2 protein chains.
Amino acid sequence: MSTANYPHPAVTVDVLVFSLINNELKIALVRRDIEPFKGIWAIPGGFVKETETLETAAKRELKEEAGIKEVFLEQLYTFGDPKRDPRERVITVAYYALTPSYKLQLRADTDVSEAKWFGINKLPELAFDHRVIVNYAIKRLRAKLEYTGIAHAFLPDEFRLSELQAVYEAVLNKKLDKRNFRKHIETMNILESTKLFDTEGAHRPARLYRVRQKTMITL
Amino acid sequence: MSTANYPHPAVTVDVLVFSLINNELKIALVRRDIEPFKGIWAIPGGFVKETETLETAAKRELKEEAGIKEVFLEQLYTFGDPKRDPRERVITVAYYALTPSYKLQLRADTDVSEAKWFGINKLPELAFDHRVIVNYAIKRLRAKLEYTGIAHAFLPDEFRLSELQAVYEAVLNKKLDKRNFRKHIETMNILESTKLFDTEGAHRPARLYRVRQKTMITL
DNA sequence: TGAATAGTGTCTTTCAGACAATATGCC
DNA sequence: GGCATATTGTCTGAAAGACACTATTCA
């Protein structure tokens with residue numbers, strides 16, 4: 001049996017880039033410049049090249065789209081409904097990335113007229129089945145936040161605990177008690193305090209923390 | 001831009017069927033009857049047809065392979081290393097299924113000379129990157145068992161708590177305390193007791209339980 | 001009555017969740 | 001001193017984990 005007898009669909013990777021901007025969870029979208037769905041916002045992505053890994057393809061997209069290095073990147077799910085793309089069958093492997101906003105600069109890429117951040121509660125109409133994909137990603141992100149320590153992926157290497165709390169609050173979309181939050185973080189034991197303080201503002205300076213090890217748990 | 005300019009890899013689904021046989025966690029494997037890896041054991045799978053969903057393809061494989069209906073089936077991960085298949089690029093979307101052993105009858109399918117259950121600690125050499133896939137699935141299965149209630153997917157509709165405990169012990173590969181286990185199940189609140197008893201054997205009969213609702217949590 | 005499995009309770013520790021007062025630095 | 005944020009502890013309830021005895025059926 002040769003594999004040549006079987007259908008060969010197109011395969012893309014889509015990358016959902018999440019970041020925290022003004023204490024709001026946002027996602028990077030691009031406006032399509034071509035049909036189908038011309039003028040409609042979409043998750044950035046592109047075709048997987050012959051010789052590259054899926055993850056490599058995702059990283060390439062990430063770089064083309066936002067010039068990023070070294071961010072949390074994880075495979076999300078593969079969407080393969082035969083009719084999800086009206087042109088031909090396109091199976092897409094979705095990845096999601098978490099990054100501090102200062103690390104990146106959105107830029108419009110090929111086939112795209114514009115790139116922009118959208119608060120996840122203010123999403124425009126999306127192309128293809130991208131709304132489903134975004135919802136799925138948000139669900140996963142929230143679950144992941146609760147049982148791992150990825151929140152720091154949105155922050156610089158050194159950060160205040162109040163910043164970390166703001167990440168949780170934005171992602172989970174609810175207020176947290178400061179004392180209980182700090183106890184929880186203590187229990188998780190993935191942070192260590194530095195000797196540095198953030199002395200911004202007319203108030204008591206905050207101690208800075210960092211991640212104890214680079215433990216990027218990927219289940 | 002047309003999608004025709006881009007590479008179109010072959011796409012398969014592989015289905016890891018897990019079951020509990022003699023209180024041992026086993027996985028169904030098939031022996032390949034053709035090159036490459038002729039004679040080597042592999043995860044059952046096949047090419048995704050033009051018009052079918054990925055999940056439909058997985059269900060079809062499941063049926064062809066084991067004549068099953070209605071089992072727990074979930075997408076696992078997509079493996080896309082360009083060199084994972086020596087013939088041409090083949091991207092595979094892996095699914096895993098959990099089923100009671102009485103529900104299924106393994107049978108050799110096309111391109112396969114034999115189908116057999118293997119204890120997960122006694123796996124033979126596997127074709128392609130299937131060893132990596134199996135390891136990944138076991139990891140996911142264990143994690144899922146701890147924070148959801150899927151253990152019952154290995155059992156008939158009505159079962160003894162001691163059977164359920166045996167599932168946990170086999171999957172997690174460790175002994176559990178009977179009282180603590182029952183308290184834990186109680187807490188999860190996904191089972192309800194029936195008025196039935198299992199009167200097998202020369203000993204006190206065991207009450208039978210069933211799942212409260214069909215809550216198949218799929219994250 | 002012996003063999004085999006079912007069924008059950010207490011204590012300790014850990015963590016989640018509710019809740020408010022003091023500390024520090026800048027202006 | 002006033003403002004803004006940082007930092008800290010106690011109580012209660014829920015669940016995990018350690019641990020051993022009684023109950024029921026059949027042969």
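Below, chains carry the letters A, B, ... as their sequence lines are ordered, and counting in each starts from 1. Fair warning: this is a prediction, and the values are worked out from it, not measured in the lab.
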With heavy-atom distances below 4.5 Å as the criterion, would you say the side chains of A:I133 and A:F128 are in contact? no

When you compare the side chain of A:F18 with that of A:F154, does any pair of heavy atoms fall below 4.5 Å?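 They are in contact (side-chain heavy atoms under 4.5 Å apart), so the answer is yes.
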
In chain order, what residues pass the ring-ring contact (aromatic ring centres under 6.0 Å, His included) check against [X], with sequence neighbours excluded?
{"X": "B:Y209", "value": "none"}
{"X": "A:W117", "value": "none"}
{"X": "B:Y95", "value": "none"}

What is the distance from [atom1] of [X] to [atom2] of [N], rounded to the nearest Å?
{"X": "A:F197", "N": "D:dA6", "atom1": "CZ", "atom2": "C1'", "answer": "10 Å"}
{"X": "B:N180", "N": "D:dA20", "atom1": "CG", "atom2": "C1'", "answer": "13 Å"}
{"X": "A:E200", "N": "C:dC27", "atom1": "CD", "atom2": "P", "answer": "11 Å"}
{"X": "A:R207", "N": "C:dT24", "atom1": "CZ", "atom2": "P", "answer": "12 Å"}
{"X": "A:Y168", "N": "C:dA16", "atom1": "OH", "atom2": "C1'", "answer": "14 Å"}
{"X": "A:I185", "N": "D:dT7", "atom1": "CD1", "atom2": "P", "answer": "13 Å"}

When the rotation axes relating C1' atoms of four end pairs to the next four are compared across the helix from C:dT1-D:dA27 to C:dC27-D:dG1, five pairs an end, they differ to 10° by 10°

Between the NZ atom in A:K26 and the CD1 atom in A:I120, the distance rounded to the nearest 0.5 Å is 11.0 Å

Name every residue in residues 169-178 of chain A that has at least one heavy atom under 4.0 Å from any atom of DNA chain C, in order of residue number, or write none if there are no such residues.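 Those residues whose heavy atoms fall under 4.0 Å from DNA chain C, taken from residues 169-178 of chain A in numerical order, are A:D177.
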
Quick one, which residues of residues 160-167 of chain B touch DNA chain C with a heavy atom under 4.0 Å? B:R160, B:S162

Categorize B:R182 for me: base, sugar-phosphate, or nothing, with a 4.0 angstrom heavy-atom threshold over every strand shown.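 Here B:R182 touches the bases of the nucleic acid.
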
Short N/O separations, protein against nucleotides 11-15 of chain C, under 3.5 angstrom:
none

With sequence neighbours excluded, tell me which residues meet side-chain hydrogen bond (donor to acceptor under 3.5 Å, both in side chains) with B:T92.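 Checked B:T92 against side-chain hydrogen bond (donor to acceptor under 3.5 Å, both in side chains); matches are B:T12, B:D14.
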
Contacts of A:D129 that satisfy side-chain hydrogen bond (donor to acceptor under 3.5 Å, both in side chains) - sequence neighbours left out: A:R84

More than 12 heavy atoms of other groups within 6.0 Å of A:Q105 CD: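 Incorrect, the count does not exceed 12.
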
Return the minimal non-hydrogen interatomic distance between B:A42 and B:L126, and the atom names on each side. N-CD2, 4.4 Å

Using nucleotides 25-27 of chain D, report all nitrogen or oxygen pairs with the protein that are shorter than 3.5 Å.
from	atom 1	to	atom 2	distance (Å)
D:dT25	O2	B:A202	O	3.3
D:dT25	O2	B:H203	N	3.2

Could you check whether A:K59 pairs with A:E55 (Lys NZ or Arg NE/NH1/NH2 to Asp/Glu carboxylate O, under 4.0 Å)?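 Judged by the 4.0 Å cut-off on N to carboxylate O distance, A:K59 and A:E55 do form a salt bridge.
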
Is B:E64 salt-bridged to B:R60, cutoff N-O under 4.0 Å? yes

Tell me, which pairs form a salt bridge (charged side-chain N to carboxylate O under 4.0 Å, His left out) where one or both residues lie in residues 90-105 of chain A, sequence neighbours left out? none

Verify, without hydrogens or angle tests, whether A:E61 (side chain) and A:P44 (backbone) share a donor-acceptor contact under 3.5 angstrom. no

Measure from the side-chain N and O atoms of B:N22 to the backbone N and O of B:E24, and report whether any donor-acceptor pair falls under 3.5 Å. no

Please tell me which of the listed nucleotides, D:dA6, D:dA20, C:dA20, lies nearest to the side chain of A:A206?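 Side chain of A:A206 sits closest to D:dA6.
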
ring-ring contact (aromatic ring centres under 6.0 Å, His included) contacts touching residues 171-208 of chain A (sequence neighbours left out):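 Qualifying pairs: A:Y168-A:F181.
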
